There are 2 protein chains.
Amino acid sequence: MKIGEIAKAAGVTASRIRFYEKRGIIPPALRGENGYRDYSPDLVGTLRYIDQAQRLGFTLREIVDVEPGTGEHPVSCTVAIELLTEKLAAVDEVIAEAKERKQRIKALIAELDKTEAL
Amino acid sequence: MKIGEIAKAAGVTASRIRFYEKRGIIPPALRGENGYRDYSPDLVGTLRYIDQAQRLGFTLREIVDVEPGTGEHPVSCTVAIELLTEKLAAVDEVIAEAKERKQRIKALIAELDKTEAL
DNA sequence: ATAGGGTTTAAACCTAGGTTTAAGGTCAAG
DNA sequence: CTTGACCTTAAACCTAGGTTTAAACCCTAT
């Protein structure tokens with residue numbers, strides 16, 4: 001598959017794929033005679049996986065740590081669970097902080113409402 | 001007050017204050033004969049206010065919208081309440097998204113746990 | 001053969017909110 | 001009179017994750 005095809009299939013942009021390759025997140029593509037990148041359809045799954053992981057809040061660095069782009073198989077299940085658990089804690093922290101912000105904003109609104117009622 | 005003094009008093013860095021001035025978030029400082037910025041202690045409150053607002057999740061652009069750096073008085077209470085209410089909704093969205101991420105990560109962990117138990 | 005679409009590269013650009021650096025001026029103390 | 005702390009500026013740099021652009025090459029259809 002050419003880069004445009006696989007990009008469409010995976011729902012990402014071609015430039016993003018080149019960027020991932022440059023960053024070592026995916027292995028360097030094979031090349032056709034013309035120099036075009038030539039992908040196995042298998043990479044579609046990997047690209048979707050990366051996209052999902054990013055949506056879950058993982059940075060590219062974290063994604064690389066779990067599944068190095070060198071084509072090696074993923075890290076052990078145990079390690080993956082550890083990383084997921086860490087991320088879970090981080091997400092909990094995000095939620096807690098956001099809730100606190102929410103309360104403070106609500107308090108501010110209440111205060112301004114009082115002021116306006118004068 | 002010189003910039004270092006007010007920075008310390010407000011709990012921000014001097015470079016941040018210069019940056020705010022450049023961005024028009026605070027009015028240009030008066031200058032002494034030597035060219036040094038010369039601040040009224042009143043600005044301490046403004047700087048603290050900006051810092052707080054940022055912690056509440058407001059961008060500098062939003063902060064400027066509420067209180068233009070040109071030295072004008074703040075926008076009406078009504079407008080401020082509107083902006084705070086918008087931000088409240090945005091924070092709610094952040095919370096909702098984070099919760100969804102959390103559930104998905106938990107599901108992944110559960111799945112991996114099952115796999116590992118095999 | 002030529003127009004169009006797709007591909008290649010490196011390098012510049014983008015957001016946001018600053019920090020860091022370089023090169024210099026100022027001020028108070030010793 | 002010099003040392004050290006502070007101030008000035010513009011401009012470069014930083015993170016993160018890309019996008020955009022320029023200049024060139026390739027392929028297919030007409």
Side-chain angles (χ1 to χ4, degrees), chain A residues 1-40 43 46-67 69 87 90-91 94 97 101, chain B residues 1-40 43 46-67 69 87 90-91 94 97 101:
Chain A
M1 302 172 87
K2 285 186 290 185
I3 195 168
E5 297 172 315
I6 197 166
K8 200 167 178 184
V12 302
T13 63
S15 62
R16 220 170 133 188
I17 296 176
R18 293 193 195 96
F19 172 76
Y20 289 162
E21 180 179 316
K22 206 164 45 184
R23 279 282 191 283
I25 289 149
I26 55 177
L30 300 176
R31 300 298 181 125
E33 290 187 6
N34 49 16
Y36 286 16
R37 286 175 181 80
D38 183 18
Y39 292 102
S40 152
L43 197 69
T46 303
L47 290 170
R48 288 213 173 113
Y49 161 76
I50 292 170
D51 195 49
Q52 287 300 310
Q54 283 187 277
R55 287 188 216 274
L56 286 180
F58 289 86
T59 65
L60 291 180
R61 177 160 298 285
E62 289 167 332
I63 293 169
V64 175
D65 287 349
V66 174
E67 175 156 28
K87 186 54 63 177
V91 172
V94 166
E97 277 170 16
R101 275 207 298 283
Chain B
M1 302 173 87
K2 285 187 288 184
I3 196 169
E5 295 172 317
I6 198 166
K8 201 167 176 184
V12 301
T13 62
S15 63
R16 219 169 134 187
I17 296 176
R18 293 192 194 98
F19 172 75
Y20 288 161
E21 181 180 316
K22 208 166 43 184
R23 280 281 192 283
I25 289 149
I26 55 177
L30 300 175
R31 299 298 181 125
E33 291 186 6
N34 49 15
Y36 286 16
R37 288 176 180 80
D38 184 18
Y39 293 102
S40 152
L43 196 69
T46 303
L47 290 171
R48 288 214 175 112
Y49 161 76
I50 293 169
D51 196 48
Q52 288 300 310
Q54 284 187 277
R55 287 187 215 274
L56 285 179
F58 290 86
T59 65
L60 291 180
R61 176 160 297 286
E62 289 167 332
I63 293 169
V64 174
D65 288 348
V66 174
E67 174 158 29
K87 186 54 62 175
V91 172
V94 165
E97 277 170 16
R101 274 207 299 283

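FYI, side chains are in, hydrogens and waters are out, and symmetry mates aren't considered; it's all heavy atoms of this structure. Order of the sequence lines fixes the chain letters, A, B, ..., with proteins taken first and strands second; residue numbering starts at 1 for each chain. On a predicted model such as this, the values are computed, not experimentally measured, just so you know.
Computed from coordinates, the B:K22 NZ to D:dA12 P distance equals 12 Å when rounded to whole Å. Taking atom OH of A:Y36 as the reference point, atom P of C:dT8 lies 7 Å away to the nearest angstrom. Between the P atom of C:dA28 and the CD atom of B:E5 lies a distance of 12 Å, rounded to the nearest Å. For the pair A:I50 CD1 and D:dA16 P, the computed distance is 17 Å after rounding to whole Å. Distance CD (A:E33) to P (D:dC25): 18 Å, rounded to an integer number of Å. Distance B:M1 CE to D:dC6 C1': 15 Å, rounded to the nearest Å. Remark: P of C:dT7 and NZ of A:K8 are 11 Å apart, rounded to the nearest angstrom. With rounding to whole Å, B:E62 atom CD is found 10 Å from C:dA16 atom P.
Closest non-hydrogen pair, A:M1 versus A:I6, comes out as CE-CA, 3.9 Å. What you find for A:A14 and A:I3 is that their closest heavy atoms are O-CD1, 3.6 Å. Across all non-hydrogen atoms, the minimal contact from B:R55 to A:R101 is O-CD, 3.2 Å.
Proximity of B:Q54 to the phosphate of C:dG18: a side-chain N or O atom is located under 4.0 Å from OP1 or OP2. One finds no side-chain N or O of B:R31 lying less than 4.0 angstrom from the OP1 or OP2 phosphate oxygen of C:dT26. Note on A:N34: every side-chain N or O is 4.0 Å or more away from OP1 and OP2 of D:dC25. For C:dT8, the OP1/OP2 oxygens have a side-chain nitrogen or oxygen of A:R37 closer than 4.0 Å. The side chain of B:R61 contributes no N or O atom lying less than 4.0 Å from OP1 or OP2 of C:dA16. Residue A:T13 places none of its side-chain N or O atoms closer than 4.0 Å to OP1 or OP2 of D:dG18. The side chain of B:S15 places no N or O atom within less than 4.0 Å of a non-bridging phosphate oxygen (OP1 or OP2) of C:dT20. Phosphate contact (OP1/OP2 of C:dA16, side-chain N/O of B:T59, threshold under 4.0 Å): absent.
Between the side chain of A:R48 and the backbone N or O of A:A9 there is at least one donor-acceptor pair closer than 3.5 Å.
Comparing atom distances between the B:R23 side chain and each of D:dT8, C:dG17, D:dT19 picks out C:dG17 as nearest. You'll find that the side chain of B:K2 is closest to D:dC7, out of C:dT19, C:dT9, D:dC7.
To the nearest 0.5 angstrom, A:D65 atom CG is 11.0 Å from A:F58 atom CZ.
Nearer the 5' end of DNA chain D, as judged by each residue's closest nucleotide, is the contact made by B:I3, out of B:I3 and A:Y20.
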